[in-house]
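This report refers to the structure that appears directly beneath it.
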Amino acid sequence: SFLRKNKKRVVGTYRLLPETGWILCCELDESEAFLPLNKLRNQAITFGVIFFFLIAAAAYYISLNISKPLLNLREAAGEIGRGDFSRRVKVTTKDEVGEMAQSFNIMAQKLEESYSYLEHLVEERTRELQDNIAFTQNMLESISVGVLAVDREMNITAWNHHLEDK
């Protein structure tokens with residue numbers, strides 16, 4: 001590559017023709033000579049940019065498919081932690097995340113059953129205690145003399161109305 005008198009850059013080459021003794025000289029404007037190479041470079045850059053965005057979009061789509069079920073699982077765990085034992089997650093895949101979601105649903109079901117059973121036991125025990133208190137109160141009221149009940153520390157826990165009259 002060299003500079004011509006008109007300040008244009010050109011690419012040139014020469015060759016000696018031994019049969020004639022002549023020198024064959026050829027020159028071409030640099031922009032014209034490198035035009036195919038520049039086109040190839042531009043196509044490679046365009047392809048690279050398009051390929052980059054395709055890969056980025058695919059990576060985003062894949063990461064959404066991985067993270068969305070995990071976010072749903074985290075949200076459901078939070079709701080169960082706040083007392084909504086009926087919350088379940090949708091199992092959409094058969095991979096490790098899907099297996100984890102299925103295990104989570106089984107755990108939530110057992111937790112809901114255990115909680116319901118405990119609530120039932122508490123209600124049953126509360127009814128028994130209320131019945132015992134009512135029975136004790138009726139017993140105390142049916143006695144015609146003043147009676148009071150104390151606990152082991154000698155605190156008064158109950159009395160009948162005959163004691164109040166005195």
Side chain to side chain donor-acceptor pair (under 3.5 Å) involving S114 - partner list, sequence neighbours excluded: none
I'd like a table of donor-acceptor pairs (distance under 3.5 Å, sequence neighbours excluded) in which one partner is a side-chain atom from residues 9-27, with atom names and distances.
unit_1	atom_1	unit_2	atom_2	d
T20	OG1	W22	N	3.2
E27	OE1	R4	NH1	3.3
E27	OE2	R4	NE	3.0

Salt bridge (Lys or Arg N to Asp or Glu O under 4.0 Å) partners for R82, two or more places apart: none
Note: R87-E75 ion pair, threshold 4.0 Å (strictly below): yes
Heavy-atom pair of closest approach, residues L111 and I80: CD2-CG2, 3.7 Å
Without placing hydrogens or testing angles, list every side-chain donor-acceptor pair under 3.5 Å for residues 56-65, not counting sequence neighbours.
unit_1	atom_1	unit_2	atom_2	d
S63	OG	A59	O	3.3
S63	OG	Y60	O	2.8

E124: side chain to side chain donor-acceptor pair (under 3.5 Å) partners, not counting sequence neighbours: H120
Side chain to side chain donor-acceptor pair (under 3.5 Å) partners of R74, counting only residues at least two apart: none
D29: partners by salt bridge (Lys or Arg N to Asp or Glu O under 4.0 Å), with sequence neighbours left out: K8
Without placing hydrogens or testing angles, list every side-chain donor-acceptor pair under 3.5 Å for residues 36-52, not counting sequence neighbours.
unit_1	atom_1	unit_2	atom_2	d
N38	ND2	F34	O	3.4
N42	ND2	N38	O	3.4
T46	OG1	N42	O	2.9

For A77 against F104, the heavy-atom pair lying closest together: N-CZ, 3.7 Å
Pairs touching residues 74-102 that satisfy ring pair (Phe, Tyr, Trp, His ring centres under 6.0 Å), sequence neighbours left out: F85-Y115
Partner residues of E30 under the side chain to side chain donor-acceptor pair (under 3.5 Å) criterion, sequence neighbours left out: S1
Non-neighbouring partners of E128 that pass salt bridge (Lys or Arg N to Asp or Glu O under 4.0 Å), sequence neighbours left out: R125
Pairs touching residues 121-158 that satisfy ring pair (Phe, Tyr, Trp, His ring centres under 6.0 Å), sequence neighbours left out: none
Flag, side chain of T157 to backbone of D151, donor-acceptor distance under 3.5 Å: no
